[in-house]
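Remember, predicted model here, so these are calculated numbers, not experimental data.
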Amino acid sequence: YYSKAIPKYGYLAGKFLGLAALIGLVTVVWSNLWVAIIMLVGGFSWQFFTSHAWIMGAFTLYGLIITFFMSALVLGASSLAKNRYVVGASVFALFLITAIMGGIISAVTREYNYLMLSPSANFIFIGTALFDLGTPEVDWGYALMTLGGIFIFFIGVLYWQLVKREVSIE
């Protein structure tokens with residue numbers, strides 16, 4: 001029983017959902033908990049809470065976007081490197097270098113679309129639209145598609161590594 005082969009998709013889903021559960025504790029559960037505490041303990045009326053309940057949904061959706069993206073990014077990077085410090089440094093470098101490149105190119109060309117090179121800027125554009133904080137510099141749909149493309153790339157890297165290593169016989 002314990003030596004049964006695990007299907008590749010099951011292995012991939014297990015790793016992904018395990019990491020997503022840990023990241024989701026910070027991005028989804030923690031943020032919604034704080035919003036609820038602030039609204040309930042802060043002396044707000046029930047009418048205020050019910051009229052602003054959409055904020056909980058926005059926090060949940062925003063947290064899920066970050067959770068799924070970061071899960072794919074970290075798992076894809078960890079499938080390419082054996083050392084966890086290298087994985088951490090590469091994820092940090094990806095965010096830092098893309099933010100610097102996007103900022104410089106955007107400043108030189110005076111075109112905000114180059115900011116989409118940075119995943120963190122895409123998170124900001126999506127968050128600005130979700131929380132109705134005004135009009136973001138870049139359409140949030142394009143930012144979401146950019147993150148989706150990076151997500152699919154890293155899921156592909158992870159799957160390629162699974163196929164290459166032949167994790168299961170099935």
Side-chain angles (χ1 to χ4, degrees), residues 1-34 57-106 111-131 136-170:
Y1 176 74
Y2 291 113
S3 64
K4 287 176 78 175
I6 300 172
K8 291 175 188 172
Y9 292 116
Y11 181 77
L12 178 63
K15 284 187 71 113
F16 182 81
L17 292 175
L19 183 59
L22 290 175
I23 295 173
L25 284 174
V26 175
T27 60
V28 178
V29 176
W30 192 248
S31 60
N32 279 318
L33 181 67
W34 273 109
F59 267 114
T60 301
L61 182 58
Y62 191 61
L64 288 173
I65 291 169
I66 293 171
T67 297
F68 288 143
F69 178 81
M70 291 304 296
S71 297
L73 176 66
V74 170
L75 286 178
S78 70
S79 72
L80 296 173
K82 302 296 177 221
N83 188 332
R84 64 180 176 201
Y85 300 114
V86 172
V87 172
S90 65
V91 169
F92 176 76
L94 173 81
F95 275 85
L96 182 66
I97 291 170
T98 57
I100 291 171
M101 285 175 38
I104 290 173
I105 295 171
S106 177
E111 181 66 43
Y112 287 117
N113 288 335
Y114 289 106
L115 293 173
M116 287 192 303
L117 290 172
S118 169
S120 56
N122 289 319
F123 289 140
I124 292 170
F125 298 144
I126 293 168
T128 301
L130 269 178
F131 296 107
E137 291 87 2
V138 176
D139 185 19
W140 68 271
Y142 293 140
L144 190 61
M145 286 189 287
T146 302
L147 289 177
I150 297 169
F151 172 82
I152 291 170
F153 172 77
F154 279 107
I155 290 294
V157 167
L158 185 58
Y159 182 74
W160 176 70
Q161 288 292 332
L162 283 174
V163 169
K164 187 174 87 171
R165 292 185 187 153
E166 297 183 23
V167 172
S168 87
I169 299 171
E170 296 181 352

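- Ring centroid separation for the pair F69 and F154 does not come in under the 6.0 Å cut-off.
- Listed here is the closest heavy atom pair of V87 and A77: CG2-O, 3.8 Å.
- Annotation: side chain of L147 is in contact with side chain of P119 (closest heavy-atom distance under 4.5 Å).
- Minimum heavy-atom separation, L94 to T98: O-OG1, 2.6 Å.
- Note that CG of L19 and CG of L73 are 10.0 Å apart. Values are rounded to the nearest 0.5 Å.
- For the atom pair CG of N32 and OG1 of T60, the computed distance is 3.5 Å after rounding to the nearest 0.5 Å.
- Taking the side-chain contact (heavy atoms from CB on, under 4.5 Å) definition, one finds that L17 meets it with nothing, sequence neighbours left out.
- The CH2 atom of W30 lies 13.5 Å from the CZ atom of F59; values are rounded to the nearest 0.5 Å.
- Shown here are the side-chain contact (heavy atoms from CB on, under 4.5 Å) partners of L130, two or more places apart in sequence or in another chain: L61, Y62, I126.
- When all heavy atoms of G76 and S79 are compared, the closest pair comes out as O-OG, 2.8 Å.
- No donor-acceptor pair closer than 3.5 Å links the side chain of S71 to the backbone N or O of F68.
- Annotation: Y112, atom OH; neighbour count of heavy atoms from other residues, nucleotides and ligands within 6.0 Å does not exceed 12.
- Residues T146 and F125 have side chains not in contact (no heavy-atom distance under 4.5 Å, counting atoms from C-beta outward).
- Residue D139 holds its CG atom at 10.0 Å from CG of L144, rounded to the nearest 0.5 Å.
- In this structure a side-chain-to-backbone donor-acceptor pair under 3.5 Å is missing from S118 to L115.
- Note: L12 CG to L158 CG = 4.5 Å, rounded to the nearest 0.5 Å.
- The number of heavy-atom neighbours closer than 6.0 Å to OH of Y142, taken from other residues, nucleotides and ligands shown, is 12 or below.
- The two residues N122 and M116 come nearest to each other via the heavy atoms ND2-O, 3.0 Å.
- Using cut-offs of 30° and 60° on the angle between ring planes, the pair F16 and F151 is perpendicular.
- One finds the CD1 atom of I124 at 9.0 Å from the CD atom of E137 (value rounded to the nearest 0.5 Å).
- Annotation: side chain of V91 is in contact with side chain of M70 (closest heavy-atom distance under 4.5 Å).
- Nearest heavy atoms, G63 versus V28: C-CG2, 3.6 Å.
- Judged as a side chain to side chain donor-acceptor pair (under 3.5 Å), the pairs with a partner in residues 17-27 (not counting sequence neighbours) are, in order, T27-T67.
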